[in-house]
Colleague: 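First the structure, which I've put down as structure tokens, then a few questions once you've had a look.
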Amino acid sequence: MAKPLQVEVYNPNGKYRVVSTKSMPGTRWINLLICTEKKTILSVEDIISLIGNKCDGVIGQDWGERLFSALSRAGGTAFSNMAVGYNNVDVDAANKYGVAVGNTPGVLTETTAELAASLSLAAARRIVEADEFMRAGLYDGWLPNLFVGNLLKGQTVGVIGAGRIGSAYARMMVEGFKMNLIYFDLYQSTRLEKFVTAYGQFLKANGEQPVTWKRASTMDEVLREADVISLHPVLDKTTYHLVNKERLSKMKKEAILINCSRGPVIDEAALVEHLKANPMFRVGLDVFEEEPYMKPGLAQMKNAVIVPHIASASKWTREGMATLAALNVLGKIKGYPIWADPNRVDPFLNENSPPPAACPSIVNSKALGLPVSKL
Ligand SMILES: NC(=O)C1=CN([C@@H]2O[C@H](COP(=O)(O)OP(=O)(O)OC[C@H]3O[C@@H](n4cnc5c(N)ncnc54)[C@H](O)[C@@H]3O)[C@@H](O)[C@H]2O)C=CC1
Ligand SMILES: O=C(O)C(=O)CO
């Protein structure tokens, strides 16, 4: 039996009841909705008790059959993940109960790419190790060999999954550090290729070494050729343990591997062994196979930079995610159609004008036969 919860209630006499299972930043989403919960990580039982007998919609994460069933029993038809990735949501169960599932694409693209770039730099220049050294009072004076790392300029950046975030990261690394690009994705990223071509021409016209791009026909090609590899695919059956023991062994001994996608894309136990055996190999991780836990040994590895799933944690992005999640739920409750292009959600984020009368992004709209906005 779940314990009674302290719930913050906004607009207690409102017509609809929408629950947020996590406290979210900013106030715009509250103005668009609802009520929130102070405690941060709720159990399934807690959420079921919050849903109660009447609940029109919920904003949360990690939803399965029991929660969709409880929401449906309470009369609810709308759920929004406060995230773009929805591998943590059982969409088949949502379809079974007729519940729309929203996500928050686009608003976290640049913020997440910036964290991947930060981890790339931190790993390349050994920033965390050097910081610890300094704080430990070990610095005696400048030495030619102290924390020597890798120069990125002129090296090759490899991107696995060149979608919204992967492409943004690639552009940052190519333009910011003049790296050459090799990428692997199921689809061609024409815009990214055009960007690198144009930037290469610009550099050449200025008498500099031009940057280049290559679309790899296999992932292994990227692993063999790149000096820094960043993972940005969705997590599904095809990407589970995409980077395993065998694939790690194909990477350069001094390569840098970054993961800001989902933990299970890497076989984390194999990664720990690889880090132990190859001290010059470095990794930057935002996500872990069994979050919030790490595989034994990872925390002790000096050649790993590890942060707690903060890739989307900029104020603008987190407030925008909350806004999109709220609008997904609100739009479904009000019977609005689905926004036609989830890659262009800017009109929903403009604080100076009311949001369009549409749900920004519903991932199971086709399965539920929901109408698409003509706006
Ligand atoms: N660490 C964090 O806080 C965050 C993590 N993410 C993760 O990043 C993922 C990507 O987000 P977006 O770029 O917005 O999605 P997206 O859908 O634009 O890009 C994903 C790309 O992966 C590609 N892909 C799928 N299967 C593949 C495979 N087997 N091999 C190679 N490429 C494959 C797709 O074709 C697509 O281009 C999300 O699904 C989420 O899991 C997203 C935001 C923040
Ligand atoms: O949007 C996502 O998928 C996240 O992981 C949130 O940071």
Side-chain angles (χ1 to χ4, degrees), residues 22 24-25 59-63 80-89 91 101-120 158-172 182-193 215-223 226 229-244 247 258-266 284-289 291-292 305-325 328 341-345 360-361 363:
K22 292 189 180 179
M24 301 194 290
I59 296 168
Q61 281 173 338
D62 303 313
W63 266 48
S80 185
N81 209 25
M82 191 192 165
V84 61
Y86 54 92
N87 56 287
N88 57 347
V89 178
V91 180
V101 174
N103 72 339
T104 63
V107 68
L108 27 59
T109 298
E110 301 293 327
T111 296
T112 304
E114 283 180 14
L115 198 273
S118 309
L119 289 175
S120 305
V159 172
I160 314 274
R164 285 176 291 248
I165 298 169
S167 291
Y169 168 83
R171 288 196 307 268
M172 285 174 196
I182 179 166
Y183 79 92
F184 176 72
D185 197 297
L186 309 179
Y187 302 96
Q188 185 175 11
S189 186
T190 317
R191 282 181 68 190
L192 178 59
E193 293 173 3
R215 181 182 176 199
S217 51
T218 63
M219 184 179 147
D220 289 359
E221 211 177 318
V222 178
L223 300 180
I229 295 168
S230 198
L231 306 171
H232 297 284
V234 297
L235 172 62
D236 62 14
K237 276 186 247 147
T238 69
T239 59
Y240 176 80
H241 281 193
L242 196 63
V243 176
N244 55 18
R247 286 208 159 121
I258 305 298
N259 190 10
C260 287
S261 62
R262 286 288 181 263
V265 172
I266 299 182
L285 302 175
D286 179 55
V287 286
F288 304 88
E289 195 168 345
E291 264 176 59
V305 179
I306 40 183
V307 294
H309 204 145
I310 54 166
S312 66
S314 73
K315 186 171 180 291
W316 182 83
T317 287
R318 286 286 167 86
E319 290 185 8
M321 288 162 75
T323 297
L324 291 182
N328 280 328
D341 187 355
N343 287 319
R344 293 181 196 282
V345 292
S361 179
V363 303

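One-based numbering along the sequence shown. Counting convention: from 1, in listed order, for ligands and their atoms alike.
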Colleague: Enumerate the atoms of ligand 1 whose separation from the nearest heavy atom of Arg262 is less than 4.0 angstrom.
Modeller: 5 (C), 6 (N), 7 (C), 40 (C), 41 (O)
Colleague: Could you check whether any side-chain N or O of Thr111 sits under 3.5 Å from a backbone N or O of Leu108, counting only pairs where one atom can act as donor and the other as acceptor?
Modeller: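 No; zero donor-acceptor contacts below 3.5 Å.
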Colleague: Would you say that Asp286 contacts Ile310 through its side chain, given a criterion of any heavy-atom pair below 4.5 Å between the two side chains?
Modeller: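 They are in contact (side-chain heavy atoms under 4.5 Å apart), so the answer is yes.
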Colleague: Looking only at protein heavy atoms, which one is nearest to atom 1 (N) of ligand 1, and what is the separation?
Modeller: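 The closest one turns out to be Asp286 OD2, 2.8 Å.
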Colleague: Of all the non-hydrogen atoms in the protein, which one sits nearest to atom 44 (C) of ligand 1, and at what distance?
Modeller: Thr112 OG1, 3.4 Å
Colleague: Under the side-chain contact (heavy atoms from CB on, under 4.5 Å) criterion, do Val307 and Leu115 qualify, and how do the steps go?
Modeller: CA-CA 10 Å; Val307 294; Leu115 198 273; 4.1 Å; yes
Colleague: Would you call Thr239 a ligand 1 contact, heavy-atom distance under 4.0 Å?
Modeller: yes
Colleague: Got Ser120 and Tyr169 here, is their nearest side-chain heavy-atom distance under 4.5 Å?
Modeller: yes
Colleague: When you pair each N or O of ligand 2 with protein N or O atoms, which pairs come out under 3.5 Å?
Modeller:
residue  : atom  : partner : partner atom : Å
ligand 2 : 1 (O) : Val84   : N            : 2.7
ligand 2 : 3 (O) : Gly85   : N            : 2.9
ligand 2 : 3 (O) : Arg262  : NH2          : 2.6
ligand 2 : 5 (O) : Arg262  : NH1          : 2.9
ligand 2 : 5 (O) : Arg262  : NH2          : 3.4
ligand 2 : 5 (O) : His309  : NE2          : 2.8
ligand 2 : 7 (O) : Ser312  : OG           : 2.6

Colleague: Considering the heavy atoms of Val287, write down every atom of ligand 1 situated less than 4.0 Å from one of them.
Modeller: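 Selected atoms, number and element: 1 (N).
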Colleague: Should we say atom OH of Tyr86 is surrounded by more than 12 heavy atoms from elsewhere, each under 6.0 Å from it?
Modeller: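 No.
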Colleague: For Asn81, which of Asn88, Thr104, Asn103, Asn87 qualifies under side chain to side chain donor-acceptor pair (under 3.5 Å)?
Modeller: Asn88
Colleague: Taking heavy atoms and a distance under 4.0 Å, where does Ile165 meet ligand 1: side chain, backbone, both or neither?
Modeller: both
Colleague: Would Leu242 and Met219 count as a side-chain contact (heavy atoms from CB on, under 4.5 Å) here? Give the steps.
Modeller: CA-CA 9 Å; Leu242 196 63; Met219 184 179 147; 3.4 Å; yes
Colleague: Can you tell me which residue and heavy atom of the protein come closest to atom 9 (C) of ligand 1, and the distance to 0.1 Å?
Modeller: Pro233 O, 3.7 Å
Colleague: Between Thr109 and ligand 1, find which residue part has any heavy-atom pair under 4.0 Å and reply side chain, backbone, both or neither.
Modeller: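 It is neither; nothing of Thr109 touches ligand 1.
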Colleague: Between Thr317 and Ser314, is there a donor-acceptor pair closer than 3.5 Å when you use the side chain of the first and the backbone of the second?
Modeller: no
Colleague: Ala311 heavy atoms, cut-off 4.0 Å: which ligand 1 atoms fall inside?
Modeller: 1 (N), 2 (C), 3 (O)
Colleague: Counting each atom of ligand 1 from 1 as listed, which ones have a heavy atom of Tyr187 under 4.0 Å away?
Modeller: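 Answer for ligand 1: 35 (O).
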Colleague: Any carboxylate oxygen within less than 4.0 angstrom of a Lys/Arg side-chain nitrogen, looking at Glu110 and Arg164?
Modeller: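 No salt bridge links Glu110 with Arg164.
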Colleague: Using a strict 4.0 Å cut-off to heavy atoms of Gly161, name the atoms of ligand 1 that fall inside it.
Modeller: 22 (O), 32 (N)
Colleague: So, regarding Thr238 and ligand 1 (criterion: nitrogen or oxygen to nitrogen or oxygen, under 3.5 Å), is there a contact or not?
Modeller: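 Yes, since at least one N or O of Thr238 sits under 3.5 Å from an N or O of ligand 1.
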Colleague: Quick check: do Leu235 and Ser261 have side-chain heavy atoms less than 4.5 Å from each other?
Modeller: no
Colleague: Report yes if the side chains of Ile306 and Phe288 come closer than 4.5 Å at any heavy-atom pair, otherwise no.
Modeller: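 SC-SC contact between Ile306 and Phe288 confirmed.
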Colleague: Report yes or no: does a heavy atom of Pro105 sit under 4.0 Å from some atom of ligand 1?
Modeller: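 Per 4.0 Å heavy-atom rule, Pro105 does not contact ligand 1.
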Colleague: Could you check if a side-chain atom of Ile266 sits within less than 4.5 angstrom of a side-chain atom of Glu289, using non-hydrogen atoms only?
Modeller: no
Colleague: Considering only the protein, which heavy-atom contact is closest to atom 15 (O) of ligand 1, and what is its distance?
Modeller: Arg164 NH2, 3.6 Å
Colleague: Among Ser312, Cys260, Pro308, Gly85, whose heavy atom sits nearest atom 4 (C) of ligand 1?
Modeller: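 Comparing heavy atoms across Ser312, Cys260, Pro308, Gly85, the nearest one to atom 4 (C) of ligand 1 lies in Cys260.
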Colleague: What protein heavy atom is closest to atom 2 (C) of ligand 1, reported as residue, atom name and distance in Å?
Modeller: His309 NE2, 3.4 Å
Colleague: Measure the distance from atom 10 (C) of ligand 1 to every protein heavy atom, then report the residue, atom name and distance (to 0.1 Å) of the closest one.
Modeller: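 Going atom by atom, the protein heavy atom closest to atom 10 (C) of ligand 1 ends up being His232 O, 3.6 Å.
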Colleague: What are the two closest non-hydrogen atoms of Ser189 and Ala162, and how far apart are they?
Modeller: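 Answer, listing the atom of Ser189 first, then Ala162: OG-O, 3.9 Å.
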Colleague: Looking only at protein heavy atoms, identify the closest one to atom 36 (C) of ligand 1 and say how far it is in Å.
Modeller: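 Atom 36 (C) of ligand 1 sits closest to the protein heavy atom Asp185 OD2, 3.5 Å.
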Colleague: So which bit of Val84 gets within less than 4.0 Å of ligand 1, heavy atoms only: side chain, backbone, both or neither?
Modeller: side chain
Colleague: Has Asn328 got a side-chain atom pairing as donor or acceptor with Ser361's backbone, closer than 3.5 angstrom?
Modeller: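 Yes, because the side chain of Asn328 sits within donor-acceptor range (under 3.5 Å) of the backbone of Ser361.
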Colleague: Does Leu223 offer a backbone N or O that forms a donor-acceptor pair with the side chain of Asp220 under 3.5 Å?
Modeller: no
Colleague: Could you check atom 30 (N) of ligand 1 against the protein and tell me its nearest heavy-atom contact, residue, atom and distance included?
Modeller: Phe184 CE2, 3.7 Å
Colleague: Heavy-atom distance under 4.5 Å between the side chains of Glu193 and Tyr183, does that happen here?
Modeller: yes
